[in-house]
Amino acid sequence: MHLIVGGGVVGLSVAWRLARAGTRVTVIDPAPARGASHAAAGMLAPVSEVSYTEESLLRLGLAALERWPAFAAELEADSGLRLDYRTQGTLDVAFDTDDLAALDELAVFMDKLGLPVRRLTGRECRRREPMLAPSVRGGVLAEGDAWVDPRRVTAALLAALEKAGVALVRRRVAALVRDGSAVVGVRLEPPSAATGNVPADATDGGRADSPNGRPIDASDGGRADASDASDASGDVLTGERVVLAAGAWSGGLTDLPVRPVKGQIMRLRSPSPLLGTCVRGVVHGSPVYLVPRGDGELVVGATQEELGFDTTVTAGGLYELLRDARELVPGITELQVADVVAGLRPGTPDNLPLIGPYGPGLTVATGHHRGGVLLAPLTTAILHGEEGELAALCAPQRFQTAGQGSD
Ligand code: GLY
């Protein structure tokens with residue numbers, strides 16, 4: 001039995017891959033699919049999100065992007081659900097002269113890296129996206145970038161896991177249980193405390209329903225299926241391996257340097273899609289992105305705030321998003337507000353994830369920061385030994401000092 005701690009896009013993907021390979025799996029999460037994955041926009045945009053200091057992250061992102069078509073097709077086939085996976089690219093636009101100069105410089109850097117991008121004038125940007133403001137000065141089109149609806153992805157993963165008979169325990173993990181240096185299981189918090197850290201918008205208690213409207217686990221938290229892994233009190237689950245995919249909470253369960261990075265995001269709704277491409281922009285120095293869904297939803301994101309485990313949605317955060325998004329696409333002010341939410345990205349000191357074995361009995365798959373959705377298929381591949389070179393970039397031991405650690 002493998003115990004997967006964390007039911008976000010990474011934990012559920014790992015569980016799905018293991019279950020498909022015939023491994024017995026239990027997923028443990030007080031509110032599956034209601035954390036960072038619920039807040040994510042779902043940009044699969046390693047090219048347009050490239051930065052000067054993060055070439056390793058670019059390599060991971062490009063490898064992950066290549067895996068997405070097969071991942072999406074398999075998940076849709078297995079779950080019977082659509083993901084709204086789209087491949088129309090990302091248009092990075094500049095608003096004023098300074099933003100344009102910065103974008104020009106970035107385009108030169110992208111060219112040097114051999115990335116497939118095309119420079120567009122302001123007029124060409126508007127021809128492609130007529131709703132862009134007349135003041136947009138120019139852009140860079142990354143035609144290979146894609147995007148997906150993360151809420152559909154996690155719903156599909158949950159449905160696929162349900163079909164595979166995977167148990168889901170709706171409890172929070174208080175600690176890893178060790179026997180000497182080996183991790184042999186997890187200790188659960190009492191059920192009453194289980195929803196203590198769910199995101200602010202999870203007013204339904206975070207219950208993720210299956211496609212047929214039924215909760216996907218029994219009200220006993222999947223205990224019936226997981227009973228062979230629990231002790232007499234039901235508060236300890238044991239397994240041959242624990243996979244820690246607890247996102248921003250991973251740092252509290254290990255010595256891994258994972259910290260929460262808050263993101264506030266907004267979903268707007270229009271009768272028909274306002275944009276055909278994913279649009280990113282820098283407005284007076286501050287970044288914003290707009291991600292269109294097939295059903296007319298437009299996701300506007302996201303703030304980046306270092307405020308610990310705070311998931312309040314603030315007027316200031318939403319103001320910032322709307323102010324900048326309106327500069328790029330003035331028509332958004334007409335749209336209905338469908339949803340606002342704050343999530344916690346699991347940040348690491350070098351912005352690279354932590355993936356791989358971390359001492360006897362423990363594997364980690366966390367620290368995906370701004371790229372959990374993009375990197376999920378690559379994460380499962382790394383854990384299955386398919387990407388040796390990239391795995392080295394994600395080695396969880398890289399922050400350990402001599403004498404410290406779990407291995
Ligand atoms: N990947 C976009 C974000 O984290 O806001």
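Just so you know, ligand 1 is whichever comes first in the structure, and atom 1 is the first atom listed for that ligand.
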Protein residue, atom and distance nearest to atom 5 (O) of ligand 1, heavy-atom basis:
Tyr289 OH, 2.6 Å
Ligand 1 to Ala302, heavy atom cutoff 4.0 Å, flagged ligand atoms 5 (O)
Any Lys/Arg nitrogen of Arg59 or Glu387 sitting under 4.0 Å from an Asp/Glu carboxylate oxygen of the other?
no
Full working for ring-ring contact (aromatic ring centres under 6.0 Å, His included) between Phe309 and Trp249
CA-CA 9 Å; Phe309 286 90; Trp249 285 270; 5.4 Å; yes
Look at ligand 1 and say whether Arg345 reaches it with a heavy atom at a distance under 4.0 Å.
yes
Please determine whether a side-chain nitrogen of the Lys or Arg among Arg269 and Asp339 lies less than 4.0 Å from a carboxylate oxygen of the Asp or Glu.
no
Show your reasoning for whether salt bridge (charged side-chain N to carboxylate O under 4.0 Å, His left out) applies to Arg398 and Asp350.
CA-CA 10 Å; Arg398 67 186 184 276; Asp350 59 5; 2.7 Å; yes
Please list the nearest protein heavy atom to atom 1 (N) of ligand 1 with its residue and the distance rounded to 0.1 Å.
Arg370 O, 2.7 Å
